[in-house]
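Both backbone and side-chain heavy atoms feed into the values below; hydrogens, waters and symmetry mates do not. Atoms within each ligand, like the ligands themselves, are counted from 1 in listed order.
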Amino acid sequence: MAITKTNFINYTRCKRFVALEEIHKEKLLADISYQDYKKEEDEDKLVELVGSMYETDSEDNEHDLINKENRYLEVMMKYYNEIELLVGDYVKEHFEGKTIYSKNNFYQECFDFNDNGLKYMCYVDVYNEQDDRINIIEVKATTTNKFLSLKYNHPKKDKYSIFLKKYNILYLKDEIEGYDILQEMPLKKYELGRSKLFDRYGLGKYVYDLAVQRFIIEGEYRESNNEDKLKNFHYYLGILNHEYVFDGTYEDNKPVYNPDANGNEIVTLIDLTKVTEEMQKMVYEDKQRLEEYIKLSDASPCKLGASCEYKKQTECKYFAPICGQIIPPKNSSLAYKRNGFGFKDEKGTRHKGLDLINEGYINMLDIPEAWITSKNHQIQRDTLVSQSEYINKDKIKIMFKQLKYPIYHLDFETFPCPLPRFKGEKPYMQSPFEFSLHIEREPGVCDKDKDNYVFLAPDHKDHREEMIKAMLKYMDPDQGTLFAQNVAFEKGRIKELSYIFPEYKEPLLKLYNRGFDLIWLLDTNSKLYQELGFSEEEAKTMNFYDYKMSGSFSIKKTLPVFTDLTYDNLEVRNGTMAIIEYASYPYMSKEEFKLKYDALVEYCKQDTWAMVAILDSLRKIVNK
Ligand code: SF4
């Protein structure tokens, strides 16, 4: 049986995973062909890429799970392949010796070893061989931001990262000779940050991936009695530099990623040689478990936990169809709002997350009432018991008075492209390609069609300036309210555009300063309500809640509570689909393009019309 790196990572999640694979006869058969290997790795890369796209999404909306077989998603693979080539090109240019890399694994360096009847194997994204050292570089479609944001400080002093960049390589500071970490942060905090690199279901997932690769490479060398050569190996991640700003240089209509004005390269390496060495014990123990699981072949349920990666893009593929079926889709114990810390029982023990499910607290009402201390949780519970809704009309009425007319109901659709496409963009920047605007001139006065303006880029060229002009044509920056669900997202895009196009900075920043969130009316905004004279407790408490919302204030959950509108009859039904259709423009026939273009217009229009409808309905309810 062949165990690829991706298999290794999945099979060591829990004993049930391997057994379920066996039942589905997916991968446990004999050997693995190169094509199978590639398909598996590509799927894994796709999940990683799409996951990174959503990590940058400041919207709190739930994203539909990605169907990896979807042909459109494969459109995204080209970006992953480009990142791999960029890292390969960088290493070839800056490192001595021979560099082997290719977007086709077939031409990449392969390592394998046999043990206990299993063949462990991996391909290396970028392999660099010099006289006295070998550099192994694993490419990941993530950014430096995650690593550099491991920042700490002494109280009341500046924050510092645990990494330092030297010659475009990030090094852990304790590995730099003579570096005085204590001047920047207490050692305990540094160690806390460093320990996060070992969390294989958190930031450490990239490091763990590299450590498994190292384990397989070392296995091959040990098998051939060449252990002495292992000291020459160095292990790196090759990722995108989040600080890189594209200067807009193109050759043959393709972006050329020269170093930017601040000397930043688009890719950066992270030296993880020492960390992956420390991780070998963990990988070895995981290998023992894996072999045990294969022998056991036990598909009985396991405790749910970190290994399920619940609600992450990397969620275990068996969670939704099998193991997670125990969790009801509505009003489960996990649907209590902002409940990361869980509940404290009578003895002071905390119960949280998937442990609640493991312990049998499955439905919202399974949580003993004595454990509920937050007013918001009590409201959720009470409305569920009485199958009703809660409303604080006073708070909502006062917030309504803060709205200035006209109300500009605005929604952007954005493409968080891994590689910047236009001047001024950074990796994964949310690049707007569409907006819908409904203008409500007076309370309740807004026509679905006549008061709507949609701008949608007709191709993949840079249409940002046209978009700004269209926005400023319809929105007066000196009056009214910029209104959105999660307005921070719309404001963020407007601010970015104001930096990239300084000639529009003044009106754009005026719009930015007029932002107002639908969430402030329905849920709350503690600071704002306290400024309006409400007590801290009342300001923290939600304004409106219906048990059908199941703990969420996303438009998908609030829309059916207030209106009969639905997204179900639309061809494009969510933000993920909008991105996919936009990304697929170049692959569409003329007829298909026309259909999809109209579908994108309808979808975005529905987003802003939904806000108009919810606002109108809420206004009527509080004025009854
Ligand atoms: S969902 Fe969780 S418990 Fe189920 S197979 Fe996956 S990791 Fe194991």
Subject >> Metal site atom 8 (Fe) of ligand 1: N/O/S of Cys308 inside 2.8 Å >> reply: no
**OP:** Just say parallel, tilted or perpendicular for the rings of Tyr545 and Phe553, cut-offs at 30° and 60°.
**Re:** tilted
**OP:** Check whether the side chains of Ser554 and Ser552 place a donor and an acceptor atom closer than 3.5 Å, and report yes or no.
**Re:** yes
Original post:
For ligand 1, which atoms, with element, lie under 4.0 Å from some heavy atom of Phe319?
Top reply: 1 (S)
Original post:
Aromatic rings Phe343 and Trp371: how do their planes relate, parallel, tilted or perpendicular, breaks at 30° and 60°?
Top reply: tilted
Original post:
atom 4 (Fe) of ligand 1: which protein heavy atom is closest, and how many Å away?
Top reply: Cys323 SG, 2.3 Å
Original post:
How about Cys316: does one of its N, O or S atoms come closer than 2.8 Å to atom 6 (Fe) of ligand 1?
Top reply: yes
Original post:
Hey, is Glu581 close enough to Lys596 for a salt bridge, meaning N to O under 4.0 Å?
Top reply: yes
Subject >> For Ser307, atoms of ligand 1 separated by under 4.0 Å from a heavy atom >> reply: 7 (S)
**OP:** Please tell me if the side chains of Leu172 and Leu197 come closer than 4.5 Å, counting only heavy atoms from C-beta onward.
**Re:** yes
Original post:
Closest non-hydrogen protein atom to atom 5 (S) of ligand 1, residue and atom name please, with distance?
Top reply: Cys14 SG, 3.6 Å
